Structures are given as structure tokens and as C-alpha cells.
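Residue numbering restarts at 1 for every chain, and letters A, B, ... go by the order of the sequence lines. Worth saying up front: this structure is predicted, and the values here are computed from it rather than measured.
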Amino acid sequence: MSSSNHQQQFRYTQTPSKVLHFRNLPWECSDEELADICSPFGKVMNTKCNVGANRNQAFVEFADLNQAISMVSYYASSSEPAQVRGKTVYIQYSNRHEIVNSKGPGDVPGNVLLVTIEGVEAGDVSIDVIHLVFSAFGFVHKIATFEKTAGFQALIQYTDAETAASARNALDGRSIPRYLLPENVGSCNLRISYSAHRDLNIKFQSNRSRDYTNPMLPVNQTAIDIALQPVGPDGKRKEPESNVLLALVENMQYAVTVDVLHTVFSAFGTVQKIAIFEKNGQTQALIQYPDVTVATAAKEALEGHCIYDGGYCKLHLTYSRHTDLNVKAFSDKSRDYTVLDPSLRATQVPAWQNTQAAPVYPGLQGQMPSWDTNQQEVTQNYLSAPSSFPPGHAVPGYSPAAVPPASASPHAHMHPNSFSGTSTPGMQPYYG
DNA sequence: AGCACA
């Protein structure tokens with residue numbers, strides 16, 4: 001019966017309790033900070049921090065009811081509010097009379113985190129991505145991953161509980177950045193608690209477990225394919241290389257067209273095909289090169305750079321799992337330069353009416369600056385150019401208005417780099 | 001800025 005429930009909701013009518021409820025606490029307020037402001041009023045028997053959805057509430061249990069009353073009374077009449085780290089905290093009697101320490105094992109702080117990666121299968125998030133994400137907070141000693149009914153989980157071992165806590169506080173409830181995930185994965189929230197483990201027993205370096213303190217550990221058979229993959233300078237294992245790049249475009253303030261991408265990516269070699277699509281509300285593109293080497297050069301030169309000055313249209317590049325795109329030869333969202341001569345666009349000739357590009361456009365040769373079919377010099381210039389990229393300015397001077405006509409080169413598929421090297425003299429922003 | 005967890 002509700003009439004028998006005399007628990008009061010509001011401060012002036014609450015019945016006193018030796019348990020006090022604190023709210024509006026600063027982020028990650030510690031038991032020590034709580035005890036600091038409570039101990040002048042009595043003996044603190046128990047505390048519970050990081051309560052509530054925002055983890056900014058807490059409970060403190062005094063030894064005696066009068067001690068709790070004295071604290072509430074003091075701040076009720078004080079001109080200075082109770083503060084922690086300069087932040088005003090609000091104190092009232094809890095509607096319970098003791099702190100029930102129902103700390104599950106996952107709430108006992110330790111140096112090993114138990115991470116549940118929601119919404120993914122084990123294969124979707126590599127141990128290297130996990131390592132990359134969690135290394136942001138300190139040296140990761142060991143990682144073990146496994147699949148349980150709860151889903152894909154990982155144990156992350158840090159040096160100490162403080163480092164583990166900082167990682168937990170920063171990442172719990174958040175998602176792994178999308179550009180670190182495969183194309184087919186949406187958001188994947190991290191649920192992080194503490195493991196009771198102190199020291200993980202990693203027997204092998206494998207696709208499921210790593211011991212970063214012991215690089216000499218034998219490699220498990222199941223991890224051989226992974227071990228054969230190249231390792232980047234940061235020690236992060238790369239995804240399988242491909243001649244096709246997946247580009248995620250961040251902060252897309254300007255339209256990123258097929259032509260823009262073609263111009264940007266042609267600096268590193270012949271672009272065979274481009275496809276632009278939307279995924280999870282973000283613009284993505286696939287760029288196909290003839291071989292992995294060129295794709296790698298483009299990836300390394302362009303990763304993290306912006307198509308436009310001012311941080312606009314920042315590129316995040318990964319290798320696609322595709323090797324040969326099946327795209328419409330000419331649409332606003334895709335282009336196949338191996339099938340279709342781009343000059344057809346300028347001359348308004350549909351692709352399917354022309355199967356012999358070169359002989360049809362002899363006149364265009366004359367429009368081009370002095371270049372012929374032996375464009376070694378141009379090719380070399382642009383292949384060597386990415387090393388001189390100014391950091392943070394993938395395409396300095398690039399402006400949306402300066403998008404080159406895709407029609408400029410009728411031979412893009414025959415002569416590597418001829419497009420970007422010759423078609424747009426006012427548009428050579430890459431290397432100054 | 002408003003009450004935990006099993």
C-alpha cells in the first residue's frame with residue numbers, strides 16, 4: 001500500500017538516516033575525497049562512489065545517526081556549500097539506512113579490465129584494434145579475447161589499477177571509432193568492468209591473445225596467418241593489404257565527388273575504379289588501384305589528411321576486403337576508368353557507344369600540354385611526391401571550386417598519373 | 001542536481 005510508504009523524496013521532509021546521499025559530485029570522485037569532507041562530522045563507516053548513470057552520486061554511511069545529522073545540519077545553515085574539488089555537492093539523507101555493499105566482482109578495482117564489445121562478432125574487432133584503443137591509457141601488458149554468451153570479450157591487463165580505471169572511465173559505454181572497424185560493423189559499445197585477475201596467463205601470441213611483455217612467446221598455429229601480416233611502425237598489426245582502399249570522409253563540409261577523389265588519389269598511381277556510398281550516415285568511398293603497392297603508398301600518404309584546408313573532409317583510409325569493384329562505369333557515385341574513357345563525359349557521348357577510346361579523340365592530344373605516351377617524367381614526379389606532403393595539408397590550396405574536369409584525360413587508364421599530372425595546370429596543389 | 005545492486 002502506498003499510504004504505508006513514508007519514504008520521503010525531498011530534502012525538507014526526509015527522515016534522517018546515518019546514510020547520506022551525495023549528488024553533483026565531480027567526475028570520478030574518490031572515496032578519499034568523500035571521507036575528507038565527511039570525517040569532520042563523524043566516523044565514516046562505508047562509502048559507495050560513482051553511483052548513478054552519470055557516476056556522479058555517492059553514499060556515505062556514518063557510524064552514528066547523529067553524525068549524519070550534524071553534517072546535514074551544518075551545510076543546511078552554512079553560507080558555504082559543501083564542495084569537492086571546488087564543485088558544490090548536494091547532501092541529503094539517503095532513503096536507506098545502510099550501504100549495502102553489493103560490489104560485484106566487476107566493481108572491485110584492479111589492473112585487469114573485462115571488456116565486453118557489444119554488437120560485434122569475434123572476427124570484427126581484431127586484437128590489434130583493441131590494443132590500439134586501450135594503449136591510449138598506458139602500457140598494455142597482455143590481452144586475452146574470448147567469446148561467451150555475453151558476447152565478444154577481452155581481458156586487458158595494465159600495470160596498475162589506476163591505469164585500468166582511467167581506461168575504464170574513458171571508454172565504458174563508448175564505442176570503438178568507426179574507422180577502426182570493418183565496413184559491415186555499426187556501432188559497438190564497450191562495457192567495461194574489472195576482472196578479478198591480476199596477471200593473465202598468456203600461453204601463445206595468437207589472434208586471440210597477446211603478451212606484449214614477452215615478444216619471444218611462441219606463436220600459436222592459429223595465428224600464423226596473422227603473424228605473416230606486416231607490422232606497422234607502431235607495432236600495430238595491419239589489416240590484410242589490398243589494392244582497394246576504403247576511405248571514410250570525416251567532417252564533410254564540402255561535397256566529395258568522384259572527380260575530387262580521382263584527383264586526390266591519382267597522385268599515387270592509376271585509379272581504376274571509384275565508388276561512393278553512405279554507410280551509417282557517413283560518406284565512404286572505395287578506391288581501386290591496379291596493385292597493392294600503389295594503394296599502400298596512397299594510404300600512407302593520405303591517411304588522416306584533409307582534402308580541403310581547414311580540417312574539412314578528413315580522410316581515414318583502410319584496406320578494403322574487395323579486390324575488384326563492380327561499379328557502374330559512369331554515375332555520380334561511381335566510376336570505372338578501366339572501361340570508360342572519362343573524356344566521354346565532356347563530349348556527352350555515352351560510354352556504351354564507344355569501345356575504342358584512343359582513336360576517337362586524337363584532337364584531345366593536342367590540347368594537352370606537351371606530353372605523349374611516354375610520360376615517365378611525369379610519372380616519376382608524382383610517385384615521389386607524397387613524401388613531401390606538408391603535414392595536415394593533404395591537398396594545400398585545394399578548394400571545392402577547383403575540382404578538375406574528369407574529362408581532362410582520355411588516357412587515365414593507360415598512363416599512370418597522366419590525369420593529375422597534366423590535366424589541371426592550375427590544380428596542382430599537392431606538392432607546392 | 002534527486003537514491004546503488006542482486
Side-chain angles (χ1 to χ4, degrees), chain A residues 1-39 41-110 112-116 118 148-151 153 161 164-166 168-174 189-197:
Chain A
M1 293 213 306
S2 62
S3 63
S4 66
N5 181 3
H6 294 292
Q7 283 189 351
Q8 298 298 319
Q9 290 283 70
F10 304 105
R11 84 181 79 180
Y12 299 114
T13 54
Q14 259 179 335
T15 59
S17 163
K18 66 178 189 294
V19 179
L20 298 182
H21 176 240
F22 292 70
R23 62 181 194 273
N24 199 37
L25 288 162
W27 176 248
E28 199 56 25
C29 175
S30 67
D31 297 281
E32 291 73 22
E33 287 172 301
L34 272 180
D36 283 346
I37 62 165
C38 295
S39 52
F41 301 94
K43 183 167 166 50
V44 174
M45 300 302 286
N46 204 352
T47 59
K48 187 172 180 65
C49 295
N50 304 315
V51 166
N54 296 328
R55 307 171 67 83
N56 61 354
Q57 299 175 44
F59 297 95
V60 170
E61 181 176 336
F62 281 100
D64 188 85
L65 175 63
N66 290 328
Q67 298 167 352
I69 292 174
S70 72
M71 184 167 189
V72 170
S73 303
Y74 174 83
Y75 284 112
S77 58
S78 169
S79 57
E80 295 294 321
Q83 290 188 325
V84 174
R85 278 182 244 162
K87 194 167 187 241
T88 296
V89 301
Y90 300 89
I91 307 171
Q92 60 193 231
Y93 300 114
S94 172
N95 52 27
R96 301 196 197 180
H97 288 82
E98 64 177 353
I99 289 179
V100 30
N101 252 353
S102 51
K103 273 189 176 174
D107 294 319
V108 179
V112 179
L113 295 178
L114 172 62
V115 180
T116 303
E118 297 175 341
K148 283 227 175 137
T149 48
Q153 295 188 305
S166 67
R168 191 186 102 116
N169 293 332
L171 295 176
D172 191 19
R174 302 192 60 191
N189 282 338
L190 301 172
R191 290 291 164 213
I192 305 179
S193 59
Y194 293 104
S195 165
H197 289 94

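- When all heavy atoms of Asn46(A) and Ile99(A) are compared, the closest pair comes out as O-CD1, 3.5 Å.
- For Phe59(A) against Leu34(A), the heavy-atom pair with the smallest separation is O-CD1, 4.4 Å.
- Tyr90(A) qualifies as a stacking partner of the dA1(B) base, centre to centre under 5.5 Å and near-parallel within 30°.
- Near DNA chain B, meaning a heavy atom under 4.0 Å from it, residues 60-75 of chain A has no residue at all.
- As a whole-Å value, the separation of Arg55(A) CZ from dC5(B) C1' is 14 Å.
- One atom, CD of Gln14(A), and another, P of dC3(B), lie 10 Å apart when rounded to the nearest Å.
- Between the P atom of dC3(B) and the CG atom of Asn46(A) lies a distance of 20 Å, rounded to the nearest Å.
- For Ala68(A) against Lys18(A), the heavy-atom pair with the smallest separation is CB-CA, 3.6 Å.
- One N or O on the side chain of Ser17(A) and one on the backbone of Arg96(A) form a donor-acceptor pair closer than 3.5 Å.
- Following rounding to the nearest Å, Asn54(A) (CG) and dC3(B) (P) show an atom-to-atom distance of 11 Å.
- Residues forming a ring-ring contact (aromatic ring centres under 6.0 Å, His included) with Phe62(A) (at least two apart in sequence, or on another chain): none.
- When each of Val51(A) and Asn24(A) is assigned the nucleotide of DNA chain B with its nearest heavy atom, Asn24(A) is the one assigned upstream, toward the 5' end.
- One atom, CZ of Arg23(A), and another, P of dA4(B), lie 14 Å apart when rounded to the nearest Å.
- What separates CG of Leu25(A) from P of dA4(B) is a distance of 15 Å, to the nearest Å.
- Going from atom CG of Asp31(A) over to atom C1' of dA4(B) covers 14 Å, rounded to whole Å.
- Among residue pairs with one or both ends in residues 74-87 of chain A, those qualifying as side chain to side chain donor-acceptor pair (under 3.5 Å) are Asn24(A)-Lys87(A), Glu33(A)-Arg85(A); sequence neighbours excluded.
- Between the base of dG2(B) and the side chain of Gln92(A) there is a donor-acceptor pair shorter than 3.5 Å.
- Of all nucleotides listed (dC5(B), dA1(B), dC3(B)), dC5(B) comes nearest to the side chain of Arg96(A).
- Contact of the Asn169(A) side chain with the Arg55(A) side chain is registered, since non-hydrogen atoms from C-beta on lie closer than 4.5 Å.
- The separation between His97(A) atom NE2 and dC3(B) atom C1' is 13 Å, rounded to whole Å.
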